[in-house]
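Inspection log for the structure reproduced underneath, given as structure tokens.
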Amino acid sequence: MEAGTGAGRARQEAPPPGGSPTLYDDFVPGQVLGNATYRLDPAVVAQWRRLFPADDLGELMPHGMVAVVSMRAYGDVVPRRPPGNIHASQHFDLFRLPRIGGKLVTTMTCAAKEIRRERRRVTLAMETRGAEGLLFTGRMTVLWAA
């Protein structure tokens, strides 16, 4: 699945047509949810650098774009989310930065799910690789609405 380079949405929208939202019961800890491919477009990096000029690392992706790549992968792999989800936390481990123009592949797995204080929590694990090998990993916890 190839991610586009258009501007991201600032808020969660209704699930795309063609199916019902992914529900809490659909998640199985340890199950791979899917992969998302993203080309690290030089034009997108240029836009980032206009906003954050100190992040210019030459031919390498700026550090802050780790979250951009990860959130695009989340949107691609789990596109049908129920309204009302709350992004509770995220954490990244950076091993190396990819070169601009490269293809990045993020694999997303359900790491855990639990109900705590009557709230459904889903923890997703992400691993992003490129031509350089393992680039970064991440964990994101979402309070799942349904």
Side-chain angles (χ1 to χ4, degrees), residues 1-113 120-146:
M1 160 176 356
E2 190 75 24
T5 58
R9 292 180 291 268
R11 63 179 180 82
Q12 184 174 318
E13 296 178 359
S20 47
T22 302
L23 301 176
Y24 176 80
D25 289 340
D26 296 332
F27 290 99
V28 177
Q31 182 179 54
V32 174
L33 301 173
N35 298 306
T37 300
Y38 179 72
R39 183 177 164 272
L40 190 53
D41 188 331
V44 172
V45 175
Q47 289 175 350
W48 180 273
R49 288 177 177 164
R50 278 196 299 278
L51 292 171
F52 306 103
D55 284 358
D56 191 340
L57 298 175
E59 294 300 314
L60 299 178
M61 179 185 85
H63 295 92
M65 289 191 71
V66 167
V68 172
V69 172
S70 297
M71 291 308 294
R72 283 181 184 256
Y74 169 60
D76 285 350
V77 173
V78 190
R80 293 176 177 84
R81 300 175 302 280
N85 284 357
I86 298 171
H87 187 107
S89 69
Q90 69 185 28
H91 170 85
F92 298 107
D93 290 310
L94 177 61
F95 301 101
R96 62 180 55 89
L97 291 169
R99 293 201 168 283
I100 296 168
K103 181 173 90 169
L104 310 180
V105 178
T106 301
T107 302
M108 189 166 300
T109 303
C110 175
K113 73 180 200 179
R120 293 174 289 272
R121 296 172 181 261
V122 175
T123 300
L124 304 173
M126 298 171 230
E127 179 181 282
T128 301
R129 296 181 169 274
E132 302 84 348
L134 179 62
L135 302 170
F136 46 90
T137 60
R139 290 178 76 81
M140 174 173 54
T141 300
V142 178
L143 301 181
W144 213 261

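Basis for what follows: all heavy atoms, side chains included, without hydrogens, waters or symmetry-related copies. For reference, positions follow the sequence shown, starting with 1.
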Open item on the list: So, taking the atom named OH in Y38 and the one named NZ in K103, what distance separates them when rounded to the nearest 0.5 Å?
Closed with: 15.0 Å
Task: Pairwise distance CG(L33) to CZ(F27) - rounded to 0.5 angstrom - done: 6.0 Å
Open item on the list: My understanding is that only residues two or more places apart in sequence, or in another chain, count here; which of them pass side chain to side chain contact (heavy atoms under 4.5 Å, CB included) with L57?
Closed with: L60, H63, L97
Task: Test ring-ring contact (aromatic ring centres under 6.0 Å, His included) applied to F52 - qualifying residues, sequence neighbours left out - done: W48
- [ ] Could you tell me which residues satisfy side chain to side chain donor-acceptor pair (under 3.5 Å) with S70, sequence neighbours excluded, listed by chain and number?
- [x] none
TODO: Could I get the full list of salt bridge (charged side-chain N to carboxylate O under 4.0 Å, His left out) partners for R129, not counting sequence neighbours?
DONE: E127
Task: Spacing of D55 atom CG and M61 atom CE [to the nearest 0.5 Å] - done: 10.5 Å
Task: Side chain K113, main chain Y24, donor-acceptor under 3.5 Å - done: yes
Task: Pairwise distance CG(L23) to CZ(R80) - rounded to 0.5 angstrom - done: 12.5 Å
Task: Smallest separation among heavy atoms of E132 and R99, with atom names - done: OE2-N, 2.9 Å
TODO: Please name all residues satisfying salt bridge (charged side-chain N to carboxylate O under 4.0 Å, His left out) with D56, sequence neighbours left out, ordered by chain then number.
DONE: R49
Open item on the list: Regarding N85 and H87, do their side chains bring together a donor and an acceptor under 3.5 Å, going by distance alone?
Closed with: no
Task: Intermediate values then yes/no, side-chain contact (heavy atoms from CB on, under 4.5 Å), V77 and N35 - done: CA-CA 6 Å; V77 173; N35 298 306; 5.8 Å; no
Please tabulate, one pair per line, all N/O donor-acceptor pairs under 3.5 Å involving side-chain atoms of residues 133-146, not counting sequence neighbours.
residue: T141; atom: OG1; partner: T123; partner atom: OG1; Å: 3.1
residue: W144; atom: NE1; partner: T22; partner atom: O; Å: 2.8

Open item on the list: Looking at R96, I want to see if its CZ is surrounded by more than 12 non-hydrogen atoms of other residues, nucleotides or ligands under 6.0 Å.
Closed with: yes
TODO: Would you please name every residue forming a side chain to side chain contact (heavy atoms under 4.5 Å, CB included) with V28, sequence neighbours left out?
DONE: Q31
